[in-house]
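Presented below is the structure to which this report refers.
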Amino acid sequence: MAGSEASCVLGIDLGTTSVKAALLVGTGRGHVVAASCSRETQAHASSLEAGPQGMEQNVRRIITALDECLAALPQQQLQRVSHIGISGQMHGIVFWKTDQGCRWTECGTSPAFEPEEVSHLVTWQDGRCSPAFLASLPPPQSHISLATGFGCATVYWYLKNSPDFLKCYDAAGTIHDYVVAMLCDLKKPLMSIQNAASWGYFNAKTKSWNTDVLKKSGFPLHLLPEVGDPGSIAGRTICAWHGIPKGTEVGIALGDFQCSVYSCLTERTDAVLNISTSAQLTISMPPGFQLPETPDPSSAVTYFPYFNGDYLAVAASLNGGNVLATFVDMVSQWMEELGLQVQDSAIYAKIIKAALAQDDSKLSIQPTIFGERHVPEQLASVTSIAVSELSLGHVTRALCRGIVENLCSMLPVQRLMETGVSRILGSGSALARNEVLRQEVERIFPFPVVYGKDVDAAVGAAMVMFHRK
C-alpha cells in the first residue's frame, strides 16, 4: 500500500436504498480500496401530490445516511482526500431554492451541511406519469424514450397537476447533482450528460436540452441544469466537510450505472453480466458509434452515455433474482397452506441443490413475471411440460435457464460477437449465490466467464477521479 501520507480519492454513491462511501489510495500497481462504509437510507416518504403512485424519498434522511458513512471512515485518511467523485440513482429529480438549499453546521469536529429549502426526491421508481399522460407530452428529440420517473416527465406532471409546487423552487437536479451543488456552492446546478440523458428531452449528440420543444409547451426552462462532460470538475468544496480539506476538487455527478460498469470493465472486449434483483447485460460500443436519431420503444437495448464520448449498449431486464425470490415465496406459501413452515433461506438452498442434481430440463420457462420495458404486456409462461419434468430440480433448472435466455434474447450472442466481445464478467448477488445460474450462463454464452468482479458505483466514481489525478 502507498505510504501513510499518500493522497486519497473519495467515492460516494447515493443509491435507491443505501448510501456508500469508499476511499481509494494509490499503489505501485494502481489503487486499492483503503476503507468503505454503507448505510441504509430508510428515506421512503409518502407523496402528498401523487398518492400511492408516487415514489418519493426524504432528502434529509439521505444526507443523514451520508454523514454517518463519512463519520465511520478514518479521519486521518479523510484529511488527505484530494478529489471527490459522486454517483447516484439516475432519472430522479429534486428541487431546491438557490442560496437556501442547505445550511452548514458543525458536525462533530468539522462542518457538514443540512438540507433546508429542498423538496422530496421523486425517484426513478415513481409511477405518477401514466402512459396516457406521457403520450400527451411533446415527442423528445432524443435517442431515449420518455418514461415515468424521468425528471422532465415529473416536471410536466407538476406543471399540469400542481403548478404552485414548482413556484417554490428555482433549481433542480438529481440527488447527486444536489450534493455537488451544495458542496461547491454552485449558483446554477451542473449536470453530466449521463444524468441529463436519463431525464429525457436531452440530445446526447449535441449535448443540449430540447429547449425549442420544451419552450413551446410551457416547460420551466430555468429548472434545467447546465450540462458538462462526465469526468470534469464541477467545483471545489467551500468548507472542510467531515475533515476533508476546504478547496478539494469535486467531480460532476455521474450515473450510478456507468460508475458500476467503470468499476469492473477493463477491456472493450469484455461484456458485463450482472444478475442481482434485476439483470443487465452491457457492452461497450466501438469508437465512432452513431446514436439512433429517434427512440425505438420496441427495442430491448438502450444506449447510455459513458466516458470520453463512448456509449454502453445495455439490455436491462426487469427479471433477475427477483424471479427466483418470487418462486421461493410461492413454494413457501404453498407449504404454509399445507400446514408446513420452512424458512425461505432453507427453501432457496434446497431448490438449488435439487437443480444441481438435474443437469438438464426439457421444460421451457419464459420468466418475465414482471414484464419488460420494451414489452410491458408480456408475462411469464411454462411450456413443454412432461410428467418426467415436474420435479423441483427440473423446474428450478428451467427457471434459471429462462432468466439467462431472456437476457440473451435481448442482446443476442451474434450481436456480442459482432461487437468483438471475447469474455464475460459475471457479477451480482444472485449470480454469486446460485451455481445453477452460473452453469446456465456458461452453457448459453460461448465465451469464457470470469466471476467475482465487484460492481461498485462508489468505487467506480472514485476511480473516475483517480484517473483524473
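In this structure, S87 contributes its side chain and D256 its backbone to no donor-acceptor pair below 3.5 Å. Put simply, the side chain of T248 gets close to the backbone of P245: a donor and an acceptor are under 3.5 Å apart. Judged by distance alone, with hydrogens and angles left aside, the side-chain atoms of N203 form no donor-acceptor pair with the main-chain N or O of S142 at under 3.5 Å. No side-chain donor-acceptor contact under 3.5 Å links R423 to the backbone of D270.
For the atom pair Y201 OH and I144 CD1, the distance stands at 13.5 Å (nearest 0.5 Å). In this structure, the separation between CD on Q258 and OG on S198 is 8.0 Å, given to the nearest 0.5 Å. The OG atom of S260 sits 11.0 Å away from atom CG of L254, with the distance rounded to the nearest 0.5 Å. Atom-to-atom distance recorded for L70:CG and C37:SG is 8.5 Å, nearest 0.5 angstrom. Separation of atoms SG (C259) and CE (M90) is listed at 9.5 Å; rounding is to 0.5 Å. The distance from the CD1 atom of I283 to the CG atom of L411 is 4.5 Å, given to the nearest 0.5 Å.
Side-chain contact of H467 with Y262: a donor-acceptor pair under 3.5 Å is present, judged by distance alone. For Q280 and S278, the side-chain atoms include at least one donor-acceptor pair closer than 3.5 Å. Between the side chains of W96 and S119, no donor-acceptor pair is found at a separation under 3.5 Å. D67 and T64 form no side-chain donor-acceptor contact under 3.5 Å, judged by distance and modelled atom types alone. Looking only at atom types and distance, the side chain of Q378 has a donor-acceptor partner in the side chain of T368 under 3.5 Å away.
A salt bridge links E56 with R128: the closest approach of a Lys/Arg side-chain nitrogen to an acidic carboxylate oxygen falls below 4.0 angstrom. Under a 4.0 Å N-O distance rule, the pair K205/E293 qualifies as a salt bridge. In this structure, R236 pairs ionically with E249, as a charged nitrogen and a carboxylate oxygen lie closer than 4.0 Å. Under the 4.0 Å criterion applied to side-chain N and carboxylate O atoms, K20 and D456 are assigned as salt-bridge partners.
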Stepwise ring pair (Phe, Tyr, Trp, His ring centres under 6.0 Å) check, F150 with W199:
CA-CA 5 Å; F150 281 26; W199 261 22; over 10 Å; no
Verify ring pair (Phe, Tyr, Trp, His ring centres under 6.0 Å) between Y311 and Y306, making sure each step is shown before the conclusion.
CA-CA 5 Å; Y311 286 87; Y306 193 43; 9.6 Å; no
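Note on residues 23-46: pairs passing ring-ring contact (aromatic ring centres under 6.0 Å, His included), not counting sequence neighbours, are H31-F466. Within the structure, the salt bridge (charged side-chain N to carboxylate O under 4.0 Å, His left out) test picks out no pair touching residues 9-19 (sequence neighbours left out).
Using bins of under 30°, 30° to 60° and over 60° for the plane-to-plane angle, the ring pair Y158/F165 lands in the parallel bin.
Residues satisfying the side-chain contact (heavy atoms from CB on, under 4.5 Å) test with P295, not counting sequence neighbours, are S145. Legend: residues meeting side-chain contact (heavy atoms from CB on, under 4.5 Å) with L318, ordered by chain and number and at least two apart, are F370, E372, R373. Annotation: side-chain contact (heavy atoms from CB on, under 4.5 Å) contacts of C408 (sequence neighbours excluded): V413, I444, F445. With sequence neighbours excluded, no residue forms a salt bridge (Lys or Arg N to Asp or Glu O under 4.0 Å) with D212.
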